[in-house]
Amino acid sequence: MTTAYSETSTERVPGRAWTVRITGHSDRSATVSCSTPACRMPPRSKDLAMLRAFAARHAAAHAKAATVRPNAWCYCGSQRCAAHPDAKTHCAGAVLLVLRHDPTVGRVWSVEEVCETCAPLLLHVTVLARATTTPRRRTAQPPAGQTTMPAPATGPGVPGGFSSPATGLTETDSRTAPARRSRRVPQRTRRQRPGRSR
């Protein structure tokens, strides 16, 4: 999933993070909290399965509502990369929206804007979205007059970027087709010459 950011500002902004946490109590009940104070949480309960399901849905709702900002600083980097202390690196690359959740513990869900260098170093991470900027999209699109030429090379269902041999000829290709055929005729006659010397 790729998310485009609508603002045109290039000024760097702090990376955001939303943390949903289940906290247990001595009476075997638990509460769910969110790092966003305005979020409404369910009451304290002993139904841990219900609280876990709510926490997962709440984190997913934050991720769905968020728009990945290409000008955001890496949230992991702003925390001095404490989440991966053994692998020191410099933050770089596109901004990603990731979900961090350890299913074996099952108590914390974190949705964060991090760089693509830090993301693979974090444990229990799922990449949810990648930021793209408008200039990158414009450079990737072909000019208006050349839309028919690259189409065969990028046809659907062809792995590895190779063009499909079953693509049809465009109007431009049909003009050059007779010239291609005339080039093949001399090659066939050359192949037959060794056969004459048998």
Side-chain angles (χ1 to χ4, degrees), residues 1-134 136-137 140 156-157 159:
M1 177 178 160
T2 302
T3 308
Y5 186 59
S6 58
E7 290 185 18
T8 57
S9 173
T10 56
E11 184 179 339
R12 297 305 291 259
V13 293
R16 297 170 296 177
W18 298 268
T19 303
V20 182
R21 185 182 307 271
I22 296 177
T23 305
H25 303 288
S26 58
D27 63 349
R28 297 182 183 250
S29 66
T31 54
V32 180
S33 61
C34 180
S35 59
T36 304
C39 291
R40 292 170 52 185
M41 298 290 109
R44 183 169 167 167
S45 172
K46 291 187 177 181
D47 188 352
L48 293 179
M50 181 272 297
L51 293 178
R52 281 194 182 102
F54 174 86
R57 285 194 311 269
H58 190 75
H62 273 297
K64 187 176 180 180
T67 301
V68 190
R69 305 168 304 168
N71 60 332
W73 287 106
C74 176
Y75 178 78
C76 179
S78 69
Q79 305 299 309
R80 299 187 182 192
C81 297
H84 54 89
D86 297 333
K88 294 294 182 186
T89 185
H90 295 289
C91 294
V95 181
L96 308 176
L97 188 69
V98 300
L99 170 66
R100 292 176 54 201
H101 174 66
D102 184 351
T104 58
V105 177
R107 292 180 175 229
V108 180
W109 291 256
S110 295
V111 178
E112 303 170 357
E113 286 178 316
V114 299
C115 72
E116 64 184 351
T117 303
C118 286
L121 303 175
L122 301 172
L123 297 176
H124 310 291
V125 164
T126 303
V127 176
L128 304 174
R130 175 183 296 268
T132 58
T133 57
T134 306
R136 285 185 188 169
R137 280 188 171 184

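- Annotation for H90: atom NE2 does not count as buried by contact number, only 12 or fewer foreign heavy atoms lying within 6.0 Å.
- Nearest approach of T31 to L51, heavy atoms of both residues: N-CD1, 4.3 Å.
- The CD1 atom of I22 sits 5.5 Å away from atom CZ of R52, with the distance rounded to the nearest 0.5 Å.
- With sequence neighbours excluded, no residue satisfies side-chain hydrogen bond (donor to acceptor under 3.5 Å, both in side chains) with D86.
- Donor-acceptor pairing under 3.5 Å is recorded for the side chains of D27 and S29.
- A distance of 12.0 Å separates CZ of R107 from CG of D102, quoted to the nearest 0.5 Å.
- Across A63 and L97, no two heavy atoms sit closer than the pair O-CD2, 3.6 Å.
- The shortest heavy-atom contact between Y75 and G15 is CD1-O, 3.4 Å.
- When atom types are taken as modelled, the side chain of R12 and the backbone of A72 share a donor-acceptor pair closer than 3.5 angstrom.
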Review item, side-chain donor-acceptor pairs of residues 112-125, under 3.5 Å, at least two apart:
from, atom 1, to, atom 2, distance (Å)
E112, OE2, R100, NH1, 3.1
E113, OE1, R16, N, 2.9
E113, OE1, R16, NE, 3.3
E113, OE1, R69, NE, 3.4
E113, OE1, R69, NH2, 2.7
E113, OE2, R16, NH2, 2.9
E113, OE2, R69, N, 3.3
E113, OE2, R69, NE, 3.2
E116, OE1, R130, NH1, 2.7
E116, OE2, A94, N, 3.1
T117, OG1, A92, O, 2.8

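- Using cut-offs of 30° and 60° on the angle between ring planes, the pair F54 and H58 is parallel.
- Annotation: the span from R57 atom CZ to K64 atom NZ amounts to 13.5 Å, rounded to 0.5 Å.
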